[in-house]
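For reference, the structure discussed in these notes is given below.
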There are 2 protein chains.
Amino acid sequence: MTKRPTILDVARTARVSKSTVSLVLQSSSLVKAETAETVRAAMAEVGYVYNRAAANLRSTSVGLIGLVINDLRNPFFTEFATSVQMALSAKGYATVVANSDEDPDLQAQLIGSMIEHGVSALIISPAYGEPERSFGPIIRAGVPAMQVLRQVEARRDHIPFSSFDYIRGGELATRHLLEQGAKNIAFVGGLEGRAITNERMAGYLKVMAETGSEPLVFHGRSSRSFGNAAADLITNKHPEIDAAVCFNDLVALGMLSGFARLGRKLGKEFCLVGFDDIEECAQVWPQLSSVSCDIAAFGQHTASAMLEWLEKDKHPETEYRAGVELIVRSSSLRVPAR
Amino acid sequence: MTKRPTILDVARTARVSKSTVSLVLQSSSLVKAETAETVRAAMAEVGYVYNRAAANLRSTSVGLIGLVINDLRNPFFTEFATSVQMALSAKGYATVVANSDEDPDLQAQLIGSMIEHGVSALIISPAYGEPERSFGPIIRAGVPAMQVLRQVEARRDHIPFSSFDYIRGGELATRHLLEQGAKNIAFVGGLEGRAITNERMAGYLKVMAETGSEPLVFHGRSSRSFGNAAADLITNKHPEIDAAVCFNDLVALGMLSGFARLGRKLGKEFCLVGFDDIEECAQVWPQLSSVSCDIAAFGQHTASAMLEWLEKDKHPETEYRAGVELIVRSSSLRVPAR
DNA sequence: GTTGTTTTTTGGAACGTTCTAAGAGGGCGA
DNA sequence: TCGCCCTCTTAGAACGTTCCAAAAAACAAC
């Protein structure tokens, strides 16, 4: 395995100087067309590979944006990652995605490595825990960074935060269930104490308090299997509950399967609303009502805020909340449509 | 926005030479403990950020592995990406993930950019089309690369291929449905002409031919919505069909929702087998039988094959097929369990 | 104090680019 | 023939590290 050829090898083969080769690389109009052709032929001949690291050594800006995601297996996050990436690549920026898998150590390591590689900016959906180990280096290095969807670092002036208006989402869902005549509405899913759980629950709690109803909360992992188990729990231990707002769609879909297994009819016997409105909501039967967070639009908004920051030095607002919308489908309609 | 401090600024502040600072960075035992302490203090003071690009300029190996995935929204691929990443990070390699979103142009661009950034290796689940534009540069640059899950580049001696034994999977599923007494088995989903469709279908066709049955194939996108529509199509136009092997779980899950909507009972009236065995199969109701491709194990195998290639120069076999297994659940059992 | 040995520290040459300033060659008007 | 202005090409100094060889400092033994 011999060493990679450099610009000098190309220059030697083409019988020109390294400067000329460099100019050809930048397709400068300074070089004569035929010289450029010779140089390109020489590149092909020696198997030249451009070394971007060396080039960036002079002007430390790489046009590379790092995206650190806490859970790559969650469709919500991959949808976000995909839309950010599309928006950035349209503007000529490359995106690298890394998955912290909810591990603060790994997250700190990934962020450190991206900073060292000289990314121009970072977009982070952070894991919980040890914010300082991840965010300290970012602030010290002065790399523009945004935290999205979850807030773990207080210094919003340095690291602005953007997310959805979850509180309003919880309100919309709860009011809708009340309108459907639900008597006992539960909130299901979400790990206790987490900021996002509290936000999604706050709207629910607010409406329950307004109407003087007793809140019923079942915390747990935000997974299908927890939802599935919750369906059993509610059916067996809390038969009075006739509706639920779920922490997210995965929990709601789990409950939906659980109720199907138990033979309970959604709509008639139980009204269910999810949160996120992932694609699957419209594909399952009965179709799942959900608080829609337009994650693709959110990704685009995030990307363009970051680009304005980078290119026009326009610092984003310290907190941004994207709007949400309740999508009503049959899982929450007392009298099924049609 | 002032220039980033370098090793020289640190040296000046700590009143030592740049070489000493460099040694401290590598936590060499050559420097006296107290000197090292002074240097570290100086680093903190000036806000030093290590510049890995500059360091890599000398020894062109970065310990960075690129993972290019064709569809980041598909759980099957994200599961794969996650497990590769975990296995690599355990061995001290960082992984960057990029999503080509089935776009050969974008894929070529991403691969080019990763090569230029000097990744040590590439693992690619390729998009279909224009293999030369993506794989040519890889071969020219001499970067170790593997194509996984899909084969689009013929030169396997350069770019080894690994995937699952899909043919056997199709066989297992079809035989199982026959044992359940199915009379007319269809194959549903998968875009026509694609290598992976043909492989997954080959086992089905083989068993059908052996038993002299007429194959019935419904090609289409590998999505829930296609499965959902296929349930209608089969129920209305082909009522004689009483079982199906699906191209993947998404199609099967779409059919499952469709049948629920149409009120057809899986197991009794129709037997269904999916492909991939994603987590959701065990969460839906009725639970979905599926050909299990242990994607996490596959990811680990891929990662370690790549590491052996990099570290021990042991070239992987040109083609590797991981085993598959049929997981029988209630969606395909004529007489439901218990 | 001298000499030898070990421990620390250091200057300077890489690494592969870009970019500035200057050089080479040729055409053209005086 | 000279000077001037083109067009094209090039030497050489960056950029921020690592690493080698060698210098300096510290210590030990005589």
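Here is how names work: the chains are called A, B, and so on, in the same order as the sequence lines, proteins then strands, and each is numbered from 1.
- Side-chain nitrogen and oxygen atoms of A:Gln26 include at least one within less than 4.0 Å of the OP1 or OP2 phosphate oxygen of C:dC19.
- Residue A:Leu23 is in base contact, counting any heavy-atom pair closer than 4.0 Å across all strands shown.
- Between the CG atom of A:Asn56 and the C1' atom of D:dG16 there is a distance of 13 Å, rounded to whole Å.
- When the P atom of D:dG12 is taken as reference, atom CZ of A:Arg58 falls 16 Å away, rounded to whole Å.
- Atom CZ in B:Arg52 sits about 10 Å away from atom P in D:dT18, given to the nearest Å.
- Between the C1' atom of D:dT18 and the CG atom of B:Leu30 lies a distance of 13 Å, rounded to the nearest Å.
- With hydrogens and angles ignored, the 3.5 Å screen pairs a side-chain donor or acceptor of A:Ser304 with a backbone N or O of A:Gln300.
- Using a 4.0 Å cut-off between charged side-chain N and carboxylate O, A:Asp105 and A:Arg133 make a salt bridge.
- No side-chain donor from either of A:Asn70 and A:Ser100 sits under 3.5 Å from a side-chain acceptor of the other.
- For C:dT18, the OP1/OP2 oxygens have a side-chain nitrogen or oxygen of A:Ser22 closer than 4.0 Å.
- What separates CD of B:Glu34 from P of C:dT8 is a distance of 10 Å, to the nearest Å.
- Atom CG in A:Leu25 sits roughly 7 Å away from atom P in C:dT17 (whole-Å rounding).
- Between the side chain of A:Ser19 and the base of D:dA11 there is at least one donor-acceptor pair of N/O atoms closer than 3.5 Å.
- Separation of atoms CD (A:Gln147) and CG (A:Leu122) is listed at 12.0 Å; rounding is to 0.5 Å.
- DNA chain C is contacted by both B:Ala33 and B:Ala55; B:Ala33 maps to the nucleotide lying nearer its 5′ end (nearest heavy atom per residue).
- Taking atom NZ of residue B:Lys18 and atom C1' of nucleotide D:dT18, one finds them 9 Å apart after rounding to whole Å.
- Contact annotation for A:Val49: backbone-only contact, meaning every heavy-atom pair under 4.0 Å involves sugar-phosphate atoms and none involves a base.
- Taking only side-chain atoms of B:Ile7, from C-beta outward, the nucleotide of D:dT17, C:dT17, D:dT9 with the closest atom is D:dT17.
- Residue-level contact check: B:Ala54 touches the bases, meaning some heavy atom is under 4.0 Å from a base atom.
- Base engagement by A:Thr20 is indicated by at least one non-hydrogen atom pair under 4.0 Å involving a base atom.
- The aromatic rings of B:Phe164 and B:Phe298 sit tilted relative to each other, their planes meeting at an angle between 30° and 60°.
- Sequence order on DNA chain D of the closest nucleotides to B:Lys32 and A:Val31 puts A:Val31 first from the 5' end.
- Between the CZ atom of B:Arg12 and the C1' atom of C:dT10 there is a distance of 16 Å, rounded to whole Å.
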